[in-house]
Number of protein chains: 2
Amino acid sequence: MDVDTRLLRYFLAVAEEGTLTRAAERLFVSQPTLTKQIRQLETLLGARLFTRSRAGMALTEPGRALAARLPALLTAWDQVLRETRRAAGRAARSLRVGFMASAANEATPRIITEFARRRPGWRVEMRQAGWSDPSAGLADGDVDVALLRLPFPGQDALRTAVLFSEPRWVALPEDHPLAVRDVLPFRDLWDEPFVAAPPETGRWRDHWLAAGERDGRPVRIGAVTDQPDDWLSAIANGYGIALAPASAARFYARPGVTYRPVSGVSSSRVGVAWAVADDTDPVVQDFVHACLESARPPQTEAGTGTAG
Amino acid sequence: MDVDTRLLRYFLAVAEEGTLTRAAERLFVSQPTLTKQIRQLETLLGARLFTRSRAGMALTEPGRALAARLPALLTAWDQVLRETRRAAGRAARSLRVGFMASAANEATPRIITEFARRRPGWRVEMRQAGWSDPSAGLADGDVDVALLRLPFPGQDALRTAVLFSEPRWVALPEDHPLAVRDVLPFRDLWDEPFVAAPPETGRWRDHWLAAGERDGRPVRIGAVTDQPDDWLSAIANGYGIALAPASAARFYARPGVTYRPVSGVSSSRVGVAWAVADDTDPVVQDFVHACLESARPPQTEAGTGTAG
DNA sequence: CACATCCATGCCCACAGGTTATGGAAGCAG
DNA sequence: CTGCTTCCATAACCTGTGGGCATGGATGTG
């Protein structure tokens with residue numbers, strides 16, 4: 001009895017949402033498609049999985065049985081998929097490196113060079129992650145090692161090493177009243193609206209809002225963005241300001257956005273992270289050592305830099 | 001990343017067979033189909049799974065990783081499928097009963113009636129199994145309880161109760177020299193070719209060949225059949241003779257085939273079987289009790305009948 | 001050198017999964 | 001009671017793809 005995992009995901013979506021219409025929206029398919037697919041799954045299994053009513057789709061007893069066991073199955077498949085891809089990377093002598101936009105910045109080429117020196121014949125496959133995943137794919141097993149900003153959610157289940165720290169500056173619209181000043185005390189920014197990362201990024205979001213360094217004052221959120229491009233636009237358009245690593249002034253320059261040093265806020269730490277299981281993996285450890293050896297504070301080291 | 005389990009089965013078949021051609025035969029698809037499907041799986045995973053050569057398809061490292069984990073995954077899916085179907089049966093107040101052709105014969109209606117008396121509102125869903133599965137679907141979890149002939153392969157992992165025993169007769173071509181006699185001593189049949197069940201049915205096949213009651217003489221196989229119809233045809237066409245329960249003379253009468261009592265061979269036992277997990281299931285136990293209570297030796301009880 | 005045995009390719013057909021548009025049933029507001 | 005909304009089901013249609021057959025290319029073997 002063959003099934004496509006897509007069908008199973010469809011089923012789970014309907015089971016969770018309770019109506020075809022909402023599940024269809026979530027899955028980005030049309031509602032008639034779901035109608036047909038769910039019906040097909042039912043005939044395939046030879047069991048009614050839902051009782052239909054104008055109120056929506058309610059699970060039957062066999063439906064509940066299926067819904068209870070499916071998630072583990074899909075997770076297991078995901079795991080197999082990842083392990084296979086990892087094996088493929090190894091077989092091709094390729095290390096998958098995830099990185100956050102603006103994580104290591106100018107340190108990155110040096111790291112790559114140093115890794116190449118230690119592992120001749122190996123290549124690195126760089127994968128940029130969006131802000132929705134501050135672990136840069138490491139938490140999902142999509143990469144073997146990641147260059148990222150600390151702290152990030154899920155960090156405790158992984159290994160991390162700090163490479164360097166870098167002062168946090170502020171990015172603000174060119175015509176912002178505070179833009180005339182050279183250095184901005186953080187407390188002057190407390191009441192400004194901020195452009196923030198999505199809420200699911202947890203402590204990483206909090207860190208870039210410096211939520212713990214506002215003396216208990218609440219944060220005003222002016223916009224939520226998921227990518228550097230949207231982030232810059234939001235700032236340029238006046239939706240808010242944002243903290244950013246000092247190097248962002250060079251790597252994310254854009255007309256309408258200026259960067260200023262900030263005093264009274266801690267630095268940002270750049271780190272390398274890997275899975276606990278790779279503590280003994282020679283290739284991963286070579287990369288980590290390459291990071292530690294070649295990472296130097298960027299040239300613009302000035303202000304409140306402190307390693308955590 | 002969505003996959004059809006069919007694709008995964010294809011992959012495993014190729015991995016096990018070592019060549020596309022043989023795997024294609026085993027899967028009952030054409031070889032070009034497999035070529036395309038395997039290639040598709042590879043692009044889907046982004047990894048070479050096989051190294052092609054004229055000698056066949058050899059697994060790569062990622063291919064081995066996948067092949068090692070897939071069977072457990074497919075088994076798990078099978079399990080989920082069965083549990084869902086079982087739940088569906090329960091929700092519909094329906095007990096799935098597997099039975100071998102000619103297992104309980106005339107006892108069956110009495111059993112059903114007795115079960116209906118104990119469980120008003122429930123119905124039984126009778127599923128006939130071919131000879132290729134002497135557990136009548138119970139080993140695979142396709143049914144909740146089964147009426148069958150003992151012994152059968154896999155019996156030790158299940159619960160069984162003997163209902164009655166029935167003498168074994170012989171089915172032979174009408175014009176067979178031995179057909180003129182009334183009762184045939186089994187030893188007179190030792191050198192006759194027999195029509196047998198498929199080899200994978202193990203001890204069940206051996207039982208119907210009475211392999212252990214030939215004083216060490218080897219069995220001559222004249223034909224292998226998987227269904228009653230083929231079986232009768234094979235006998236009528238003179239490919240061989242076969243032992244059969246006495247009741248087969250009534251349930252499987254066919255022109256060209258006659259049945260004769262046999263002396264010197266043990267009886268056949270009819271039993272009911274269920275899964276160990278259902279020892280405490282009230283519905284299953286009701287069915288078992290219905291069997292035990294209403295099963296009486298068939299009218300033709302004569303000869304060497306002994307219960308095991 | 002012919003032949004067998006692999007896998008790959010090209011061409012074609014059928015089907016299934018997707019879409020939009022529309023219908024029917026049943027609550028809810030006026 | 002009527003009209004609106006919110007469900008799911010149905011119909012008609014399009015297209016991608018899984019499947020088949022026939023055939024080609026590579027490489028050993030009698």
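For the numbers below, each heavy atom of this structure counts, side chains included, while hydrogens, waters and symmetry mates do not. Within every chain, numbering begins at 1; the chains are lettered A, B, ... in the order of the sequence lines, protein sequences first and strands thereafter.
The distance between atom CG of A:D2 and atom P of C:dG17, rounded to the nearest whole Å, is 13 Å. In this entry the distance linking CD1 of A:I38 with P of C:dG18 reads 11 Å, nearest Å. Atom NZ of A:K36 is separated from atom P of C:dG18 by 8 Å (rounded to the nearest Å). Per the geometry, CG belonging to A:L8 stands 13 Å off P belonging to C:dG17, to the nearest Å.
Nucleic acid contact for B:T19: sugar-phosphate only, since backbone atoms but no base atoms lie under 4.0 Å from a heavy atom of the residue. Contact annotation for A:S30: base contact, defined as any heavy-atom pair under 4.0 Å involving a base atom.
A donor and an acceptor atom, one from each side chain of B:Q31 and B:T35, are located under 3.5 Å apart.
Of the possible polar contacts, one joining the B:T5 side chain to the A:V3 backbone as a donor-acceptor pair under 3.5 Å is found. Between the side chain of A:T60 and the main chain of A:R48, a donor-acceptor pair closer than 3.5 Å is present. For A:T201 (side chain) and A:W204 (main-chain N/O), no donor-acceptor pair under 3.5 Å exists by modelled atom type.
Within residues 46-57 of chain A, the residues having any heavy atom closer than 4.0 Å to DNA chain C are, in order of number, A:R54.
Here B:W131 and B:W231 bring their ring centres to under 6.0 angstrom of each other. For A:F11 and A:F50, the distance between ring centers is under 6.0 angstrom.
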Show which side-chain atoms of residues 67-75 of chain B pair as donor or acceptor with protein atoms under 3.5 Å away, not counting sequence neighbours.
{"from": "B:R69", "atom 1": "NE", "to": "A:E83", "atom 2": "OE1", "distance (Å)": "2.1"}
{"from": "B:R69", "atom 1": "NH1", "to": "B:A65", "atom 2": "O", "distance (Å)": "3.2"}
{"from": "B:R69", "atom 1": "NH2", "to": "A:E83", "atom 2": "OE1", "distance (Å)": "2.8"}
{"from": "B:T75", "atom 1": "OG1", "to": "B:P71", "atom 2": "O", "distance (Å)": "2.8"}

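Ionic pairing of A:R86 and A:D281 is present here: one or more N-O contacts between side-chain nitrogen and carboxylate oxygen are shorter than 4.0 angstrom.
In this structure, B:R93 places its CZ atom where only 12 or fewer heavy-atom neighbours from other residues, nucleotides or ligands lie under 6.0 Å away.
Nearest-nucleotide positions on DNA chain C for A:P32 and A:R6 put A:R6 closer to the 5' end.
For the pair B:Q31 and C:dA8, the criterion of a side-chain N or O lying under 4.0 Å from OP1 or OP2 is not met.
Along DNA chain D, the stretch of nucleotides lying under 4.0 Å from any heavy atom of chain B spans, 5' to 3', D:dG18 to D:dG28.
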